[in-house]
Amino acid sequence: PTECFLSQPEEKQENTVKAKRRKKKKISDVLQKSAPKPGVPADLQNLLTQHFGENRSVIEIEELKLSDSCFLPANDLTHSFSSYLKEICPKWAKLRRNHKEKKSVVMLVLCSSALRSLELIKSMTAFKGDCRVIKLFAKHIKIKEQMNMLEKGVFHIGIGTPGRVKALVEQDALCLNSTKYMILDWNWRDQKLRRMMDIPEV
């Protein structure tokens, strides 16, 4: 009698070389290679149009448009923060002396984080002189404390984050009627290389 052997299928050799995955370009990679560009008025105008474009009528969008006369020259990245402020606001000493209103500031600086706010406060010592600066961010400072400070004292410069400034304005703790300058910390990037305007919540 002949023996019967079951023929086993030959094992396919696994391809040891895996197909190389295409590496996605991250924004951080792109930014590291490109030189930083100073912000221009058109950047902010385009951002406003994009943000409000979907749920506003044509007339409402037209009202949101800011003319170029609303803008001072942007920092061309050759200035320090103090020297830039001196250039755009040469009559600061006079403005500071004349400001007597509580619950308001002459200059409002918006930046993306509390740490960045502190950095800017340190870097503007040459410009501010003996004026009073108030910190308008949420880290370690309760909103009630800021409301009391604004109500009781006169402050010339407010530096903070958009979220906290918005909350103070909505609660009538911060009045913008006597605000002459609003500075956006436009070019600075955080650890993830996002600018303030790249953060969806802002």
Under 3.5 Å donor-acceptor, Thr125 side chain and Ile121 backbone: no
Shortest non-hydrogen separation from Val154 to Arg132 and the atoms involved: O-CD, 3.4 Å
Residues which pass side-chain contact (heavy atoms from CB on, under 4.5 Å) with Glu63, listed by chain and number, not counting sequence neighbours: Ile59
Hydrophobic cluster membership, Trp186 vs Val40, 4.5 Å side-chain cutoff: no
Pairs touching residues 150-163 that satisfy side chain to side chain donor-acceptor pair (under 3.5 Å), sequence neighbours left out: none
Which atom of Pro162 lies closest to which atom of Met196, heavy atoms considered: CG-SD, 3.9 Å
Counterpart residues, ring pair (Phe, Tyr, Trp, His ring centres under 6.0 Å), relative to Phe127 (two or more places apart): Trp92
side-chain contact (heavy atoms from CB on, under 4.5 Å) involving Asp68 - partner list, sequence neighbours excluded: Pro41, Gln45
Lys94 side, atom NZ; Cys89 side, atom SG - distance, nearest 0.5 Å: 12.0 Å
ILVMFWY cluster, Met197 and Met182 together (side-chain gap under 4.5 Å): yes
Listed once per pair and sorted, the side chain to side chain donor-acceptor pair (under 3.5 Å) pairs that draw on residues 100-109, sequence neighbours left out: Ser104-Ser178
Leu48 with Phe71, same ILVMFWY side-chain cluster at under 4.5 Å: yes
side-chain contact (heavy atoms from CB on, under 4.5 Å) involving Ser80 - partner list, sequence neighbours excluded: Ser82, Ser83
Name every donor-acceptor pair, under 3.5 Å, that has one atom in a side chain of residues 134-146 and the other anywhere in the protein, sequence neighbours excluded.
unit_1, atom_1, unit_2, atom_2, d
Gln146, OE1, Arg164, NH1, 2.6
Gln146, NE2, Lys135, O, 3.0
Gln146, NE2, Phe137, O, 3.0

Hydrophobic cluster identity match, Phe155 and Leu176, side-chain contacts under 4.5 Å: yes
Residues which pass side chain to side chain donor-acceptor pair (under 3.5 Å) with Asp190, listed by chain and number, not counting sequence neighbours: Arg194
Shortest non-hydrogen separation from Val105 to Gly158 and the atoms involved: CG1-N, 3.7 Å
All side chain to side chain donor-acceptor pair (under 3.5 Å) counterparts of Lys166, not counting sequence neighbours: Glu170
Linked, directly or transitively: Ile159 and Leu115 (ILVMFWY side chains, under 4.5 Å): no
Which atom of Asn187 lies closest to which atom of Asn75, heavy atoms considered: ND2-O, 4.3 Å
Note, Tyr181 side chain near Leu72 side chain (heavy atom, < 4.5 Å): yes
Considering all heavy atoms, the nearest Ile157-Cys131 contact: CD1-SG, 3.7 Å
Side chain to side chain donor-acceptor pair (under 3.5 Å) partners for Asp130, two or more places apart: Arg96
Approximate separation, where rounding is to 0.5 Å, of Glu54 CD and Thr49 OG1: 12.0 Å
Over 12 foreign heavy atoms within 6.0 Å of CD, Glu60: yes
Ser57 OG to Phe52 CZ distance, which is reported to the nearest 0.5 Å: 12.5 Å
Neighbour count above 12 (heavy atom, 6.0 Å) for His51 NE2: no
Distance in Å, Leu110 CG paired with Ser117 OG, rounded so as to fall on 0.5 Å steps: 9.0 Å
Taking every non-hydrogen atom, the tightest pair across Ser112 and Ile199: CB-CD1, 4.2 Å
Which residues share a side-chain contact (heavy atoms from CB on, under 4.5 Å) with Asp185, sequence neighbours left out: Cys111, Arg116, Leu120, Trp188
Pairs flagged by ring pair (Phe, Tyr, Trp, His ring centres under 6.0 Å) wherever residues 160-180 is involved - sequence neighbours left out: none
Derivation of the side-chain contact (heavy atoms from CB on, under 4.5 Å) call for Leu95 and Met107: CA-CA 10 Å; Leu95 280 171; Met107 184 181 285; over 6 Å; no
